[in-house]
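Report on the following structure.
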Amino acid sequence: MNIHICTDHGLIPPYAIMLMLSFAAGLSIQFILNIKGGIKRNIAAYGILLAMPMSIFFALLLTYISTGGKAFGISSIGGAVGMYVSALTMAAITRRRESFGVMLRSCTLSLPMMYSVSKIGCLLGGCCRGMDYSGVMCVEYSGERMGHLCAFPVQIAESLAFLAIFMAGMVMYLRRSRNAVPAVFLLSAGAKFALDFLRVSHTGKVISLNQLLCTAAAAVCVAVIVLREHKSRGFAERAYN
């Protein structure tokens, strides 16, 4: 059984529709989590208004920089950076130290859902397609823009993987696990790194820019976890003494 997709669309491409739906889903979750975390409603609302343009700006900027100024495109990692920048900006505006932790947590937990929905748009639009593949469940693309080709359904794999990460993160959050944020962050970086091998853009490469960025992000996260644990252990030892 194969999946056939014609990329000859009307005036409104499905990618644009799914991108808007991904923002709607992710920002709604982020808003609710911020409110539950004690952020004032107006600050949470302003955060949503800032997040979308910042995310799109950094998504375009990363692609522009990585191509040496030769092309524009939407980078998921750049979009995630924009989301974090908007969260940090709003947290700084509140002038409350605890706001940083709440807003970063809300952003991290909502990002897998945004990415999961957006990848359905990539599937329908034919972008970020998988490597050439004609086996079971291959995606058969047709249309004037792409011609006829068969690809591995990497967008479906990414969508399902990040939906599972989102659900796992929310379960950990509802159980008040202090490891929810680092777990979601590291799982997201790992899934993005692994699945990038299945993209056609990875053909002929040992490691891609996306994989390098994921590795750097994971290393920073691990360093933060180690520092946090070291600090907590130091506090405990001083309290004991």
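Residues Thr94 and Ser99 have side chains that bring a donor and an acceptor to within less than 3.5 angstrom of each other.
Atom CE of Met167 is surrounded by 12 or fewer heavy atoms from other residues, nucleotides or ligands within 6.0 Å. Enclosure of atom OH in Tyr173 by more than 12 non-hydrogen atoms of other residues, nucleotides or ligands within 6.0 angstrom is indicated.
Listed by chain and residue number, nothing satisfies the side chain to side chain donor-acceptor pair (under 3.5 Å) test with Ser75 (two or more places apart in sequence, or in another chain). By the side chain to side chain donor-acceptor pair (under 3.5 Å) test, Ser159 is found to be paired with Ser116, residues two or more places apart in sequence or in another chain being considered.
Smallest separation of non-hydrogen atoms from Tyr141 and Cys122: OH-O, 4.2 Å. Taking every heavy atom of both residues into account, Phe58 and Gly78 meet most closely at CB-O, 3.1 Å. In terms of heavy atoms, Thr89 sits closest to Val85 at OG1-O, 2.7 Å. Closest non-hydrogen pair, Ala44 versus Ile39, comes out as N-CG2, 4.0 Å. Val154 and Arg129 make their closest contact through CG1-C, 3.8 Å (heavy atoms, listed as atom of the first residue, atom of the second, distance). The shortest heavy-atom contact between Ala189 and Ala218 is CB-CB, 4.3 Å.
Both Leu124 and Leu21 belong to a common hydrophobic cluster when Ile, Leu, Val, Met, Phe, Trp and Tyr are linked at side-chain heavy-atom distances under 4.5 angstrom. Under a hydrophobic-cluster definition in which Ile, Leu, Val, Met, Phe, Trp and Tyr are linked whenever side-chain heavy atoms come within less than 4.5 Å, directly or via other members, Val171 and Leu109 are assigned to different clusters. Under the 4.5 Å side-chain contact rule for hydrophobic residues, Leu60 and Leu213 do not share a cluster. Transitive grouping of hydrophobic side chains (ILVMFWY, heavy atoms separated by less than 4.5 Å) keeps Leu33 and Met172 in distinct clusters. In the hydrophobic clustering of this structure, Val181 does not group with Val222; members are Ile, Leu, Val, Met, Phe, Trp, Tyr whose side-chain heavy atoms approach within less than 4.5 Å, directly or through other members.
One finds the CD atom of Gln30 at 6.0 Å from the OG atom of Ser106 (value rounded to the nearest 0.5 Å). For the atom pair CD1 (Ile225) and CZ (Phe185), the distance works out to 9.5 Å, reported to the nearest 0.5 Å. Rounding to the nearest 0.5 Å gives a distance of 12.5 Å between OG1 of Thr108 and CD1 of Ile165. Going from atom CG of Leu160 over to atom CD of Gln155 covers 11.5 Å, rounded to the nearest 0.5 Å. Separating the SG atom in Cys214 from the CG atom in Asp196 is a distance of 7.5 Å, to the nearest 0.5 Å. For the atom pair SG of Cys6 and CD of Glu140, the computed distance is 12.5 Å after rounding to the nearest 0.5 Å.
Screening residues 78-120 for ring pair (Phe, Tyr, Trp, His ring centres under 6.0 Å) gives Tyr115-Phe162 as the qualifying pairs, with residues at least two apart or on separate chains.
In this structure, Phe152 and Asp132 have side chains that are not in contact, with every pair of non-hydrogen atoms separated by 4.5 Å or more. At least one side-chain heavy atom of Pro112 sits under 4.5 Å from a side-chain heavy atom of Val184. At a threshold of 4.5 Å between non-hydrogen side-chain atoms, the residues Tyr15 and Cys127 count as touching. Residues Met103 and Ser86 have side chains not in contact (no heavy-atom distance under 4.5 Å, counting atoms from C-beta outward). Residues Arg41 and Phe31 have side chains in contact (heavy-atom distance under 4.5 Å, counting atoms from C-beta outward). In this structure, Met54 and Met83 have side chains that are not in contact, with every pair of non-hydrogen atoms separated by 4.5 Å or more.
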Item to complete: Step by step, work out the side chain to side chain contact (heavy atoms under 4.5 Å, CB included) result for Val117 and Met18.
Response: CA-CA 6 Å; Val117 176; Met18 296 309 297; 3.7 Å; yes
I would like to know whether Ile74 and Thr63 meet side chain to side chain contact (heavy atoms under 4.5 Å, CB included); could you show each step before the answer?
CA-CA 7 Å; Ile74 295 179; Thr63 303; 5.9 Å; no
Passes side-chain hydrogen bond (donor to acceptor under 3.5 Å, both in side chains), Ser76 versus Lys192? Steps please.
CA-CA 10 Å; Ser76 57; Lys192 180 74 174 172; 3.0 Å; yes
### Task
Walk me through it: do Met52 and Met20 pass the test side chain to side chain contact (heavy atoms under 4.5 Å, CB included)?
CA-CA 10 Å; Met52 186 171 178; Met20 292 301 103; 3.3 Å; yes
Notebook entry, point to check: Under the side chain to side chain contact (heavy atoms under 4.5 Å, CB included) criterion, do Val139 and Asn2 qualify, and how do the steps go?
Noted result: CA-CA 6 Å; Val139 181; Asn2 299 337; over 6 Å; no
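Classification of the Phe197-His202 ring pair by plane angle, with boundaries at 30° and 60°, yields tilted.
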